[in-house]
Protein chains: 2
Amino acid sequence: MVADIVAMMPSPTRTPATASEPDPSRRNNLALLTSLVHHNGVLSRAQLTKRTGLNRSTVGTLIGQLVNLEVVYETAPSGESQVGRPSPIVHPRPSIAALAVNPEIDAVTIGLVGLGGKVQKKIRFDTERIPTAKEAVNIAAAVIAGMRSELDTSYRVMGVGIAVPGLVNRDDGVVRHAPHLGWRNEPVAGMLSEATGYPCHAANDASLGAEGELLFGAGAGQKNLIYLNGGASGIGGGVIADGALLRGVSGYAGELGHTFVRSSGRPCHCGATGCLETEVSQSSLFELAGLGGGDASQLEQALRAKSSESVTAEVARQVGYLGIALRNAVNTFNPEAIVLDGFLGVLHSLSPGTLDSSLRSQAMDGPSGQVKIYQAALGSDLMMIGAAELAFTQFLADPAGAFPTPTP
Amino acid sequence: MVADIVAMMPSPTRTPATASEPDPSRRNNLALLTSLVHHNGVLSRAQLTKRTGLNRSTVGTLIGQLVNLEVVYETAPSGESQVGRPSPIVHPRPSIAALAVNPEIDAVTIGLVGLGGKVQKKIRFDTERIPTAKEAVNIAAAVIAGMRSELDTSYRVMGVGIAVPGLVNRDDGVVRHAPHLGWRNEPVAGMLSEATGYPCHAANDASLGAEGELLFGAGAGQKNLIYLNGGASGIGGGVIADGALLRGVSGYAGELGHTFVRSSGRPCHCGATGCLETEVSQSSLFELAGLGGGDASQLEQALRAKSSESVTAEVARQVGYLGIALRNAVNTFNPEAIVLDGFLGVLHSLSPGTLDSSLRSQAMDGPSGQVKIYQAALGSDLMMIGAAELAFTQFLADPAGAFPTPTP
DNA sequence: CGTAATATGTTGGATGGCGAAACAAATCTA
DNA sequence: TAGATTTGTTTCGCCATCCAACATATTACG
């Protein structure tokens, strides 16, 4: 129970080589408490004291400030009581909110997520054809404009997060290349910021999925996890290492969909051959299932119903390649958990144990020892939560700082 | 600049609270300064002020403390002077030192490294046969015992770091499996600590190599780099992500030597097939070069002298597989630099540009855009420096804390 | 049913590190 | 030689935190 977060202790494993840039994991204690409440939902003041390692009195004054700032509120102690004076419960205020935008090949989804990670609102706007960046921004801006009066009266919106299936430079919000959307060098964050007046940030969808699963989903509490999502637009990946999202120098890290899994494999749109994404795709599964379209759960049902030799063979083939990619990832990252989303989760669920045993036999003893494979837990809310987290980041780092005021 | 990181900021940590110790933020900043001086060698006080973002006066008092603690010393300003009052130069005291131990299949090397990263002493003890863990510990203990009087009079030894070619659990110092040494579940850190009285820590050699190159070598200043070392005992890897070594849940991360590079490849000792380590090895290169043994630079010379079709073909074959592994790594990590050591550096040097162009064509545009490939810079000192860093870690996190006193 | 034990909130005071400002020192420029 | 510039030094005030003592709310127990 001794806090994994402790007041004012330098991390012994990370001695900063250069102090020229602020370490983003360092926060003041106000931020620490806000993050705890946001990510864990409901905690008593006593629990917060234990988790932070701060003094009772300090936590008292800090919570007082957060109450004044209307970031959290306290309620009477819960029914289940122990010996001693009951401790009030601290809740995140869902009226502190962030907007989330997720453009896909057939729709643009806009969501509103409150502090604490609950999706308050989700609007899916189906598009006739693949939206251009401009169209996606226009759609998002229009939907947000429609919500505007409600947002202004009932919420404090901290910003907008955009989850894009492609390479995104998180620092400047430019989509470098989103192959399935056909976007190149689109400054979506800037465009949407211009259109709405809110501060906007963009990132890769799978990276945000990884963060969402880390904080609120199947991987909650883990510090090292790999998230892999399989959808119509290929396979995206996000990696959490030591509690933080792996970003790389430009924020492009985590492209596990392009892991090499087959010699003389088919050419991939990325320019290489034998990528996981080209060998493992959901289209053939949908065909075998006799479905024209649909989501992962429909696919799973249809494949289970239609179990035949050809289905079994194709599933086995895809699981085999997935196993190779996972073996690599496990040897590379030594994670505690692998979270599979979309049709990759279906593959795992259809042949339970196959991936596990494939990992045990292929990956090295040490790294593979503790790995567990999960199916993703958050479903369609995941992208909203992950994208909103992007918009919350700045606020969580400084909850007492100036609240951004939209200037449309 | 950075002012906000330092003052009165806690940092989330994975270590339990030693709540009894006071003044955590001062310790933080002391640690910051000590690390800067250690890793950058020589800096003026003015530079330290800029780098840390701390106030002039604060840096003054902190440096004063470090001088009192005999961690650093100041000298007169350097000759090259600008407008304004010259700023004294701060040097790390090399008498603050750490011991380094590196067992290999044919030798055990023991080194002494001073604060600032300079190798003060290096003793290579050749062994008749592959040393057992016990033998390696005995050798190291004996050599250290021989140095003991000098250590006690002229140095303050912060501990011992052991670099082991294999899977090492950094937390408990147990070598899980070192295939080429034939070690399994050997608590080397505990054994050596028992034998010498110094606090001992162990880690994977390539991981430590990565840290060494990051802090003092070819990758100095980078925040995202991949280090790959090819030696007689296979291929080891270490990854620096966002300025910190990638460890994974048990510290086994970074095993890039077992990246999948070939379908239906040869079986590897790790249990899988098609590993980089089985397809790319130095033994065939040594054969072609007509050498029975030797180091990387000898190999390079011999291969250059003996250039023939068979040499060219084998080099091309190995570079091809290395390219696949690097492509994976680049897509996964989006690093700024790749540092190749040992015979992998030779491969790169023999066919300059091949790896680069192979990366540009295979890896994705975004991630590969900024990558540069380097040959390792530190040579045989690297392991000493990396291992010593392991022993310095605790000291760097709390330079004012209790200095460990050996109790033999 | 009342007292003890336990856990936690609350308050006031003490601590200690840091930044700001004013001043001093050392160098370059003109 | 005077001014500009940069940096070390000193003093002072701030403020987040911890500590200790006290208050409060609940369970445990006779």
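Both backbone and side-chain heavy atoms feed into the values below; hydrogens, waters and symmetry mates do not.
- Taking 3.5 Å as the limit, the base of dC18(C) and the side chain of Ser57(B) contain no donor-acceptor pair of atoms between them.
- No more than 12 heavy-atom neighbours from other residues, nucleotides or ligands sit within 6.0 angstrom of CD on Gln394(A).
- With rounding to whole Å, Lys50(B) atom NZ is found 8 Å from dT6(D) atom C1'.
- Using a distance-only test at 3.5 Å, with no hydrogens or angles considered, a donor-acceptor pair links the side chain of Gln47(A) to the main chain of Ser44(A).
- From Ile63(A), atom CD1 reaches atom OG1 of Thr58(A) across 11.5 Å, with rounding to the nearest 0.5 Å.
- Residues from residues 58-67 of chain B with heavy atoms under 4.0 angstrom of DNA chain D: there are none.
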Q: Classify every nucleotide of nucleotides 21-30 of chain D by which part a protein heavy atom approaches to under 4.0 Å, writing B for the base, S for the sugar-phosphate alone and - for neither, in 5'-to-3' order.
A: B-BBBBS---
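- Per the geometry, CG belonging to Leu43(A) stands 13 Å off P belonging to dG9(C), to the nearest Å.
- Atom NZ of Lys223(A) is separated from atom CG of Asp242(A) by 7.0 Å, given to the nearest 0.5 angstrom.
- If you find the closest nucleotide of DNA chain C to Thr49(A) and to Asn55(B), the one lying nearer the 5' end belongs to Thr49(A).
- The distance from atom CG of Asp398(A) to atom P of dA16(D) is 13 Å, rounded to the nearest whole Å.
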(Q) Checking Glu74(A) against Arg93(A) for the salt bridge (Lys or Arg N to Asp or Glu O under 4.0 Å) test, could you report, in this order, the C-alpha distance in whole Å, the side-chain angles of both residues, the deciding distance, and whether it holds? (A) CA-CA 10 Å; Glu74(A) 289 183 297; Arg93(A) 267 199 196 279; over 6 Å; no
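- Considering only the side chain of Arg45(B), dT9(D) comes nearest among dT8(C), dT7(D), dT9(D).
- Smallest separation of non-hydrogen atoms from Gly212(A) and Ile385(A): CA-CG2, 4.5 Å.
- Between the two ends of the helix from dC1(C)-dG30(D) to dA30(C)-dT1(D), each summarised by a five-pair axis, the helix axis turns through 10° (rounded to 10 degrees).
- Close to dA16(D), at under 4.0 Å from its OP1 or OP2, lies no side-chain N or O of Asn29(A).
- For the pair Gln120(A) (side chain) and Pro94(A) (backbone), a donor-acceptor distance under 3.5 Å is absent.
- Residue Asp171(B) holds its CG atom at 10.5 Å from NE2 of His201(B), rounded to the nearest 0.5 Å.
- Straight-line distance from the CG atom of Leu48(A) to the P atom of dA7(C): 18 Å, rounded to whole Å.
- For Phe216(A) and His38(A), the ring centers sit closer than 6.0 Å to each other.
- Straight-line distance from the CG atom of Asn28(B) to the C1' atom of dC18(C): 13 Å, rounded to whole Å.
- Atoms CG and CG, from Leu30(B) and Leu69(B) in turn, are 7.0 Å apart once rounded to the nearest 0.5 Å.
- A donor-acceptor distance shorter than 3.5 angstrom exists from the side chain of Ser87(A) to the backbone of Ala46(A), with no hydrogens or angles considered.
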